[in-house]
Amino acid sequence: MAFVTRQFMRSVSSSSTASASAKKIIVKHVTVIGGGLMGAGIAQVAAATGHTVVLVDQTEDILAKSKKGIEESLRKVAKKKFAENPKAGDEFVEKTLSSIATSTDAASVVHSTDLVVEAIVENLKVKNELFKRLDKFAAEHTIFASNTSSLQITSIANATTRQDRFAGLHFFNPVPVMKLVEVIKTPMTSQKTFESLIDFSKALGKHPVSCKDTPGFIVNRLLVPYLMEAIRLYERGPPGFPVRPLELPPPPLQSQPEQLHGRPRLISWFSAFD
Ligand SMILES: NC(=O)c1ccc[n+]([C@@H]2O[C@H](COP(=O)([O-])OP(=O)(O)OC[C@H]3O[C@@H](n4cnc5c(N)ncnc54)[C@H](O)[C@@H]3O)[C@@H](O)[C@H]2O)c1
């Protein structure tokens, strides 16, 4: 059952049509599929920067938890951002939350969206099935993007008939904190799609970088061998000096110890850059 009102979809539809006529797609309305760790963060940041969002997941229970998590995260942001004006902080939280509708039926909400960002389970078959289905229901101009960390974007795009409007949009955890976004271009991604995603990332307040569709993109390609070397050094025997990747979380997490969730720090380091 979709939890999206007719009025909400009408307002979304008119803004999408207007932007579709422009050269680049100016993303106003975003559908985020998957309300887990990454999807909830992406939905939060998109809504907080003036976009209209529909967040999709498999059950109402998951969506309720996801929205609760977004609200808690927004309250933390508001406490810092509006330290001098708590009333403005409350208004910011309410306004942002009111820009996020939820649905358990992706096909019924993508007909008038400018961008679909997928952040579901890391499984090629499941991602392909999802995009193949959505391709039939989404508007002609709609861009599809996957937040996958390890799958080839081309292999996901091939499940659709819109390879020119398909790219990777790789955010980092925690999304509201981490500035970097990798925008992954396949050989079929059009320049218009690529530039639209660069503009969208900037509109989110992020720092986009261009990547080719190669394993690990940029960050994981550098980071994973670095971490493996740290483990090898450690296994060789006590190194006699601190091995930073094993000892310390990265800077944004150091200042936010609650982000560690009590997990071993190496795991936290991995997930921060996943
Ligand atoms: N966790 C990270 O640090 C991180 C960082 C960057 C990218 N990624 C990538 O982002 C994606 C999501 O990762 P995550 O950590 O948020 O996972 P997660 O398990 O926290 O969330 C995935 C969500 O997708 C939902 N889901 C699964 N199949 C679905 C479907 N068919 N339709 C709708 N919803 C569905 C699940 O119910 C769950 O809520 C993965 O591709 C992962 O590789 C993860």
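Every number for a ligand or one of its atoms is a count from 1 in the order of the listing. Numbering of residues begins at 1 and proceeds along the displayed sequence.
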Trainee: Below 4.0 angstrom, N of the basic side chain to O of the carboxylate: do Arg232 and Glu229 qualify?
Mentor: yes
Trainee: List the atom of Ala167, the atom of Leu197, and the distance in Å for their closest heavy-atom pair.
Mentor: CB-CD1, 3.4 Å
Trainee: Would you check the N or O atoms of Asp57, main chain and side chain alike, for any that come under 3.5 Å of an N or O of ligand 1?
Mentor: yes
Trainee: Which part of Asn147 is near ligand 1, with near meaning a heavy atom under 4.0 Å away: side chain, backbone, both or neither?
Mentor: both
Trainee: With respect to Glu122, determine whether any N or O atom, backbone or side chain, lies less than 3.5 Å from an N or O atom of ligand 1.
Mentor: yes
Trainee: Relative to ligand 1, is Ile33 under 4.0 angstrom through side chain, backbone, both or neither, heavy atoms considered?
Mentor: side chain
Trainee: Which option out of Thr104, Ile156, Ile120, Val117 puts a heavy atom nearest to atom 11 (C) of ligand 1?
Mentor: Ile120
Trainee: Around atom CD of Glu84, are there more than 12 heavy atoms of other residues, nucleotides or ligands at under 6.0 Å?
Mentor: no
Trainee: If I apply the N/O under 3.5 Å rule, does Leu37 come out as touching ligand 1?
Mentor: yes
Trainee: Closer than 4.0 Å to some heavy atom of His170 - which atoms of ligand 1 meet that?
Mentor: 6 (C), 7 (C)
Trainee: To the nearest 0.5 Å, how far apart are CG in Asn147 and NZ in Lys127?
Mentor: 7.0 Å
Trainee: If the plane angle is over 60° it's perpendicular, under 30° parallel, otherwise tilted; pick one for Phe131 and Phe144.
Mentor: tilted
Trainee: Would Phe171 count as a contact of ligand 1 if the rule is a heavy atom under 4.0 Å away?
Mentor: yes
Trainee: Just to be sure I'm reading this right: ignoring hydrogens, which of Glu118, Glu129, Met38 gets closest to atom 14 (P) of ligand 1? Compare them by their nearest heavy atoms.
Mentor: Met38
Trainee: Heavy atom under 4.0 Å from ligand 1: found in Thr59's side chain, backbone, both, or neither?
Mentor: neither
Trainee: Atoms of ligand 1 less than 4.0 Å from Ile62 heavy atoms?
Mentor: 37 (O), 39 (O)
Trainee: Quick check on side-chain contact (heavy atoms from CB on, under 4.5 Å): which of Ile153, Ile143, Thr189 does Phe166 satisfy it with?
Mentor: Ile153
Trainee: So, Arg165 and Glu140, do they make that salt bridge, N to O below 4.0 Å?
Mentor: yes
Trainee: Taking atom types as modelled, find out whether Asp213 and Thr186 have a side-chain donor-acceptor pair closer than 3.5 angstrom.
Mentor: no
Trainee: Out of curiosity, is Lys127 lining ligand 1, as in a heavy atom under 4.0 Å away?
Mentor: yes
Trainee: Run the salt-bridge test on Lys67 and Glu71 with the 4.0 Å N-O cut-off and return the result as yes or no.
Mentor: no
Trainee: I need the atoms of ligand 1 closer than 4.0 Å to a non-hydrogen atom of Gly36, numbered in the order shown.
Mentor: 16 (O), 20 (O), 21 (O), 23 (C), 39 (O)
Trainee: I'd like to know if Arg133 and Glu129 make a salt bridge, using a cut-off of under 4.0 Å between side-chain N and carboxylate O.
Mentor: no
Trainee: So for ligand 1, is Leu130 a polar contact partner (N or O within less than 3.5 Å, distance only)?
Mentor: no
Trainee: State whether the shortest distance between N or O atoms of Ser149 and N or O atoms of ligand 1 falls below 3.5 angstrom.
Mentor: yes
Trainee: In terms of atom number and element, which parts of ligand 1 are under 4.0 angstrom from non-hydrogen atoms of Thr148?
Mentor: 41 (O)
Trainee: Which of the numbered atoms in ligand 1 are below 4.0 angstrom from a heavy atom of Asn173?
Mentor: 3 (O)
Trainee: Checking side-chain polar atoms at under 3.5 Å, does His170 have a donor or acceptor matched by the opposite partner on Ser149?
Mentor: yes
